[in-house]
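Okay, so here's the structure we're looking at.
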Amino acid sequence: MTNLKIYNTLTRKKETFEPIKPGKVGIYVCGPTVYDACHIGHARSVVVFDVIVRYLRAIGYEVTYVRNFTDVDDKIINRAGELGISTQELSERHIKEFYEEMDALNVERATIEPKATDHIEEIIEVIERLVLRGHAYEAGGDVFFAVETFKDYGKLSGRRLDEMQAGARVEIDEKKRNPFDFVLWKGAKPGEPMWDSPWGKGRPGWHIECSAMSTRFLGYHFDIHGGGKDLIFPHHENEIAQSEGALGEQFVNFWVHNGFVKIDQEKMSKSLGNFLVIKEILKQYHPEALRVFLLSNHYRSPVDFTHQSMVEAGDGIEKIYAFQQRIDGLLGPSRNEQGPGPLWENFCRAMDDDFNTARGIGLVFETVRQLNRLMDDIGERPGQQDQARLVSTRADLMRIGDVLGILTEAPDKFFEQKQADLLERKGIDIAVVERRIADRARAREQKDWAEADRIRDELSAMDILIEDRAGGTNWKVSKPKD
RNA sequence: GGCGGCAUAGCCAAGUGGUAAGGCAGCGGUCUGCAAAACCGUUAUACACCGGUUCGAAUCCGGUUGCCGCCUCCA
């Protein structure tokens, strides 16, 4: 029994989450159509649902998570044609890339990751049912869904057929009975991928693959269906029509949609040429910085991708690692199992409120500040109570990290790695730096502050920052400025 | 034209009717030879505007303005 509340697009309200089968959750999320590289918008959707699934598991649900690849579609066919390769080759290439990027982003694999082309049989079965039940009709080798036969059509997106017709620019297809009818099965054209069907050779339309695959793996009626907000209409609306039309019962309980990513205040779009591809982002920023950035906003709000936000997110993640490092230094790096403490409880309260990761992250920073102060006060020898508090917080922090998909590295390694990257990028010679620091230490011993400061300036010009500590001098590479 | 969303300090951002989390930047301080790092303090008579409901609203209702999204492939 939890207190999890989830905003449901279908009802436009936050509702208490009750799974259909106690203790189990079935969730389907629309994955990419694999015709091009994944952009930051895909990253948001995938990361958001990754965290949702991780959280559901953390609070004890057994989750079956299905995320599909749509690997047959007009865009894929067109792109493959342009590149002179097969659709299969194109989609395999992008699926491979998708996995590489998702691994880099520390996104867990879904339980099942089906491809549309592996489930043509199920797709055909759904269409046959729809034809049988009078929801679909064949016309000239194509099969269409007749929207007027489904009286709930529009219930997800809050539209009504008669209202839409006025202003919508819908491609006119003479074969359709209603302009909003959509294709379930497309008759084959030469050179396109095709499969046999009761209506001749052809291929599935967009939408139907998700109805078929979700039912195949999660049953007629399942708990959560997710995706980007842009999928509400027509994609998810049509899925509901198909699935409920074919099966005659409620399809999904909770519809969950994430907001868009903007770039420097502008909508990301091909015409503006501001499509940011994950690959490129990861060249410039740490993957955990990207996760923190994405999760610092509520998942339903739009989020604006800017360099400044990314730098701040990167600083934030470093601050947490530095804090962990400090506790490890004080208490030793052991990761003893600890029961959940107050930090975790508070985090769950935030997550229970429609997966409020932004509040959860705020909580983490607040705790970091409080315990940094505590460590300032207690010095080298923490009392038993303080020690217990630090150990418990560290354990909770790891638990939270597991849900948010961050803090995956040991702090020492994280900083080493970061240093190594910067050193390489800036072409800095460690031996030179250390020699100069030794020179400076000598100067400082002789209280030759002018010389010491001169060396510090010299190093600073090389982007080396000096930190004089009790045990000696630390140094690190300063961050890139742009 | 239809449907929906958003408007909180210099910037980003949370906010579940009871009196504004968090982060960044800034300022003052502790520490330091001076710095850096870390920490402390400080930064919204106030949540676009106007009304209303309420003992009480950023939070509910109505209206106004501005921005955005969807209605066409899109995470």
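Throughout, protein chains are lettered first and strands after them, A, B, ... in sequence-line order, and every chain is numbered starting at 1. Predicted model, so just to flag it, every value in this text is computed and none were measured.
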*Regarding A:Lys75 and the six-membered ring of A:Tyr35, is the cationic atom NZ or CZ under 6.0 Å from the ring centre and inside 45° of its axis?*
yes
*Under 4.5 Å between any side-chain heavy atoms of A:His236 and A:Cys30, yes or no?*
yes
_With a 3.5 Å limit on both atom pairs, tell me what B:C49 is paired to, counting Watson-Crick and G-U wobble, or say none._
B:G63
*Which of the following nucleotides, B:A14, B:C70, B:C40, is nearest to the side chain of A:Phe233?*
B:C70
*Can you tell me if the side-chain N/O atoms of A:Thr473 get under 4.0 Å from OP1 or OP2 in B:A35?*
no
*Just checking A:Leu231: base, sugar-phosphate only, or nothing, at a heavy-atom cut-off of under 4.0 Å?*
sugar-phosphate
_Separation of atom CD in A:Glu312 from atom C1' in B:C12, rounded to whole Å_ = 6 Å
_Students often get this wrong, so: under 4.0 angstrom with heavy atoms, is A:Arg326 touching a base, only sugar-phosphate, or nothing?_
sugar-phosphate
_Need the pair for B:A58. Rule: Watson-Crick or G-U wobble, both distances under 3.5 Å, any strand; none if unpaired._
none
*Rounding to the closest angstrom, what is the interatomic distance between B:G63 and B:U19 at atom P?*
30 Å
_B:C39 - base-pair partner by Watson-Crick or wobble geometry, distances under 3.5 Å_ = B:G29
*Short N-O contact, A:Arg399 and A:Asp396, less than 4.0 angstrom*: yes
*Under 3.5 Å side-chain donor-acceptor pair for A:Glu209 and A:Thr70*: yes
*Residues A:Glu366, A:Leu363; criterion side chain to side chain contact (heavy atoms under 4.5 Å, CB included); working and verdict*: CA-CA 5 Å; A:Glu366 196 179 1; A:Leu363 228 45; 4.0 Å; yes
*Electrostatic pair A:Arg456-A:Asp453, nearest N-O below 4.0 angstrom*: yes
_Under-4.0 Å side-chain N/O to phosphate OP1/OP2 contact, A:Asn297 with B:A13_ = yes
*Check every strand shown and say whether A:Arg44 touches a base, only sugar-phosphate, or nothing at a heavy-atom separation below 4.0 Å.*
nothing
*For atom C1', what is the distance between B:A44 and B:G26, given to the nearest Å?*
15 Å
*Which part of the nucleic acid, if any, lies within contact of A:Gly227, taking any heavy atom under 4.0 Å across all strands shown: a base, the sugar-phosphate backbone alone, or nothing?*
sugar-phosphate
*Would you indicate which nucleotide in B:A21, B:C71, B:C11 comes nearest to any side-chain atom of A:Glu366?*
B:A21
*C1' atoms of B:U45 and B:C40, separation to the nearest Å*: 26 Å
_Cation-aromatic face contact A:Arg44/A:Phe260, 6.0 Å, 45 degrees_ = no
_Spacing of A:Met462 atom CE relative to B:A36 atom P, expressed in whole Å_ = 20 Å
_Nucleotide B:U16, atom P - distance to NE2 of A:His298 in whole Å_ = 10 Å
*Using a cut-off of 4.0 Å on non-hydrogen atoms, how would the nucleic acid contact of A:Glu467 be classed: base, sugar-phosphate, or nothing?*
base
*Are there more than 12 heavy atoms of other residues, nucleotides or ligands under 6.0 Å from atom CD of A:Gln385?*
no
*Take atom C1' in B:G66 and the same atom in B:A38, then report the distance between them in whole Å.*
43 Å
*Once you round it to whole Å, what is the distance between C1' of B:C34 and CG of A:Asp448?*
13 Å
*Any sub-3.5 Å donor-acceptor pair from A:Lys115's side-chain atoms to A:Asn68's backbone N or O?*
no
_With side-chain hydrogen bond (donor to acceptor under 3.5 Å, both in side chains) as the test, pick out the partner of A:Asn8 among A:Lys13, A:His257, A:Glu15._
A:Glu15
*Pairwise 5' ranking along RNA chain B for A:Phe293 and A:Gly31, keeping only the more 5' one*: A:Phe293
*To the nearest Å, give me how far apart CG (A:Asp230) and C1' (B:G4) are.*
14 Å
*Looking at every strand, decide which applies to A:Thr306 at a 4.0 Å heavy-atom threshold: base, sugar-phosphate, or nothing.*
nothing
*asked:* For a quick check of understanding: with a heavy-atom distance under 4.0 Å over all strands, which category does A:Arg440 fall into, base, sugar-phosphate or nothing?
replied: base
*Partner nucleotide, any strand, of B:A14 [Watson-Crick/G-U, under 3.5 Å]*: none
*Determine the interatomic distance between P on B:U8 and the same-named atom on B:A14; round to the nearest Å.*
10 Å
*Distance between the C1' atoms of B:C47 and B:A21, in whole angstroms?*
14 Å
*For A:Val261, answer base if it contacts any base atom (sugar-phosphate contacts may also be present), sugar-phosphate if it contacts only those atoms, and nothing otherwise; contact means non-hydrogen atoms under 4.0 Å.*
base
_Phosphate contact (B:A38 OP1 or OP2) by A:Asn372 side-chain N/O below 4.0 Å_ = no
*Please tell me which of the listed nucleotides, B:C34, B:A14, B:A75, lies nearest to the side chain of A:Arg456?*
B:C34
*What nucleic acid atoms does A:Gly259 come within less than 4.0 Å of, heavy atoms only: base, sugar-phosphate, or nothing?*
base
*Would one find a side-chain N or O of A:Lys262 under 4.0 angstrom from OP1 or OP2 of B:G69?*
no
*Would you classify A:Asp453 as touching base, sugar-phosphate or nothing, given that sugar-phosphate means primed atoms plus P, OP1 and OP2, and contacts are heavy atoms under 4.0 Å?*
base
*A:Arg444 vs A:Arg12, nearer the 5' end of RNA chain B by closest nucleotide*: A:Arg12
*d(CD1, A:Ile320; P, B:A38) in whole Å*: 13 Å
*From the list B:G33, B:C71, B:A35, which nucleotide is the closest neighbour of the side chain of A:Ala452?*
B:G33
_Counting only side-chain nitrogens and oxygens, does A:Arg369 get under 4.0 Å of the OP1 or OP2 atom of B:G22?_
yes
_Watson-Crick/G-U partner (both atom distances under 3.5 Å) of B:G4_ = B:C68
_B:A9 and B:G5, which share atom name P, separated by this distance in whole Å_ = 22 Å
*With a non-hydrogen cut-off below 4.0 angstrom, is A:Gly228 in contact with a base, only sugar-phosphate, or nothing?*
sugar-phosphate
*Calculate the interatomic distance between A:Leu363 atom CG and B:G23 atom P; express it in whole Å.*
11 Å
*Could you say whether the aromatic ring of A:Trp449 and the base of B:G33 stack, counting only centre distances under 5.5 Å and plane angles under 30°?*
yes
_Applying the Watson-Crick and G-U wobble criteria at under 3.5 Å, what pairs with B:A20? Answer none if nothing qualifies._
none
*Quick one: label A:Asp74 by what it contacts on the DNA or RNA (base, sugar-phosphate, nothing), any heavy atom closer than 4.0 Å.*
nothing
*Contact class for A:Lys319 (heavy atom, under 4.0 Å): base, sugar-phosphate, or nothing?*
sugar-phosphate
*In whole angstrom, what separates A:Phe260's CZ from B:C67's C1'?*
16 Å
*For B:U43 and B:G28, measure between their C1' atoms and round to the nearest Å.*
11 Å
*Mind checking A:Lys75 for me? I need base, sugar-phosphate or nothing, with any heavy atom below 4.0 Å counting as a touch.*
sugar-phosphate
